[in-house]
Amino acid sequence: MTREISSSEMDDIEAFHATLHSLPVWDGPLPGFDPGAAPAEPLALFREWFLHAARAGQPEPHTMSLATVDADGRPDVRTLMLHDADGHGWHFASHATSAKGRQLAGQPDAALGFYWPAVARQIRIRGRVTACGAEESRADLAVRSRGALAAALTGRQSEVLGSVQELAEASAAAWERAGAEPDAPAPTWTRYVLDAAEVEFFQGDAARRHVRLRYRRDDDGTGWSRELLWP
């Protein structure tokens with residue numbers, strides 16, 4: 001049986017569609033990208049594009065999407081923060097007991113996605129994720145804010161929450177402990193690093209002649225090959 005849609009709901013639906021189809025895309029001058037001048041490996045280009053996005057006013061350019069799969073092969077995705085990008089890979093952190101932590105333990109292949117609309121650029125990264133040791137994971141938390149430590153101490157990420165009040169009480173206790181004990185241990189907090197096998201750089205173009213450059217790690221792991229992709 002189909003439920004009848006009220007006039008107010010219909011107004012909301014029409015407003016949604018009108019707004020959705022009226023939004024501008026990359027409304028302004030866009031940077032160019034010459035793939036022929038790109039460096040031989042992707043990390044240098046990632047850092048260059050990251051700095052360019054930050055200087056262009058892109059809010060929170062260090063936010064990224066992390067895609068994983070669960071034990072049944074179903075995809076999952078969430079937004080989190082980049083902690084570093086170096087010769088080992090792209091770093092992030094979470095609780096090993098969280099949904100993403102459990103999924104990575106079962107299937108370590110994952111993907112990262114960055115989107116910087118201020119400059120019409122995105123970067124897609126695929127590779128294998130490794131959990132760092134306890135010392136490095138603790139060091140990751142030590143350099144972050146009191147709020148980050150409080151969140152880590154609150155724990156129980158991805159578990160079912162009984163009520164908002166329960167969260168408020170646990171969070172208040174964690175904030176208090178983080179202030180009194182800045183070195184408080186959070187045993188399940190884990191730093192992860194994704195060792196990239198593929199990295200794609202996408203530069204949007206107002207005429208839809210987007211430039212896509214993909215790096216692929218060579219079979220022997222010592223270098224990278226590059227190829228252009230149709231947009």
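Fair warning: this is a prediction, and the values are worked out from it, not measured in the lab. Quick note: numbers below take in every heavy atom, side chains included, and nothing from hydrogens, waters or symmetry partners.
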Apply side-chain contact (heavy atoms from CB on, under 4.5 Å) to residues Q58 and H52 and explain how you reach the verdict. CA-CA 9 Å; Q58 173 63 53; H52 180 269; over 6 Å; no
Under 3.5 Å, side chain of [X] to main-chain N/O of [Y], donor-acceptor pair present?
X    : Y    : result
E200 : Q122 : no
D34  : G36  : yes
R216 : R214 : no
R217 : A196 : yes
E9   : S6   : yes
D70  : G73  : yes

Cluster question for you: counting only ILVMFWY and a side-chain heavy-atom cut-off of under 4.5 Å, with indirect links fine, are [X] and [Y] together?
X    : Y    : result
F50  : V211 : yes
V193 : V199 : no
L66  : L82  : yes

Nonpolar side-chain network containing [X], other nodes, edges under 4.5 Å:
X    : value
L20  : F16
L149 : L141, L153, W189
I13  : I5, M10
L167 : L161

Could you check if a side-chain atom of [X] sits within less than 4.5 angstrom of a side-chain atom of [Y], using non-hydrogen atoms only?
X    : Y    : value
L194 : Y192 : no
M64  : L80  : yes
Q203 : P31  : yes
L228 : R212 : no
L213 : R226 : yes

May I have all residue pairs that pass ring-ring contact (aromatic ring centres under 6.0 Å, His included) and include part of [range], sequence neighbours excluded?
range            : result
residues 54-87   : none
residues 122-145 : none
residues 102-154 : F46-F114, F114-W116

To the nearest 0.5 Å, what is the distance between [atom1] on [X] and [atom2] on [Y]?
X    : Y    : atom1 : atom2 : value
H88  : L43  : NE2   : CG    : 11.0 Å
L229 : F202 : CG    : CZ    : 11.0 Å
T190 : L104 : OG1   : CG    : 10.0 Å
I123 : L45  : CD1   : CG    : 6.5 Å
R177 : T154 : CZ    : OG1   : 10.5 Å

Please step through side-chain contact (heavy atoms from CB on, under 4.5 Å) for the pair R124 and L112, ending with a clear verdict. CA-CA 6 Å; R124 301 167 60 207; L112 300 174; over 6 Å; no
Quick check: closest heavy atoms across [X] and [Y], and the distance to 0.1 Å?
X    : Y    : answer
A44  : P39  : CB-CG, 4.0 Å
S137 : C132 : OG-O, 3.7 Å
V69  : Q103 : O-CB, 3.4 Å

Can you list everything that forms a salt bridge (charged side-chain N to carboxylate O under 4.0 Å, His left out) with [X]? Sequence neighbours excluded, please.
X    : value
R126 : E198
R156 : E159, E166
E41  : none

Could you pull out all residues at least two apart from D205 that satisfy side-chain hydrogen bond (donor to acceptor under 3.5 Å, both in side chains)?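 By the side-chain hydrogen bond (donor to acceptor under 3.5 Å, both in side chains) rule, D205 matches no residue at all.
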Salt bridge check, D109 against R128: does any charged N sit closer than 4.0 Å to a carboxylate O?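 Salt bridge present between R128 and D109.
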With no hydrogens and no angle check, do the side chains of R78 and T68 hold a donor and an acceptor under 3.5 Å apart? yes
Checking side-chain polar atoms at under 3.5 Å, does E169 have a donor or acceptor matched by the opposite partner on Q165? yes
Run the side-chain donor-acceptor check on residues 90-102: report pairs under 3.5 Å with partners two or more places apart or on a different chain.
unit_1, atom_1, unit_2, atom_2, d
H91, ND1, R191, NE, 3.2
H91, ND1, R191, NH2, 3.4
H91, NE2, D86, OD1, 2.9
H91, NE2, D86, OD2, 3.3
S94, OG, S98, OG, 3.2
S94, OG, K100, NZ, 3.1
S94, OG, Q157, OE1, 3.0
H95, ND1, T188, OG1, 2.7
H95, NE2, A152, O, 3.3
S98, OG, H95, O, 2.7
S98, OG, G101, N, 3.1
R102, NH1, T97, O, 2.6

Sub-6.0 Å ring centroid separation between W26 and H210: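 Yes, the ring centres sit under 6.0 Å apart.
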Atom CZ of R55: over 12 foreign heavy atoms under 6.0 Å: no
Anything under 30° is parallel, anything over 60° is perpendicular, the rest tilted; go ahead and classify Y215 against W224.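 Y215 vs W224 ring planes: perpendicular.
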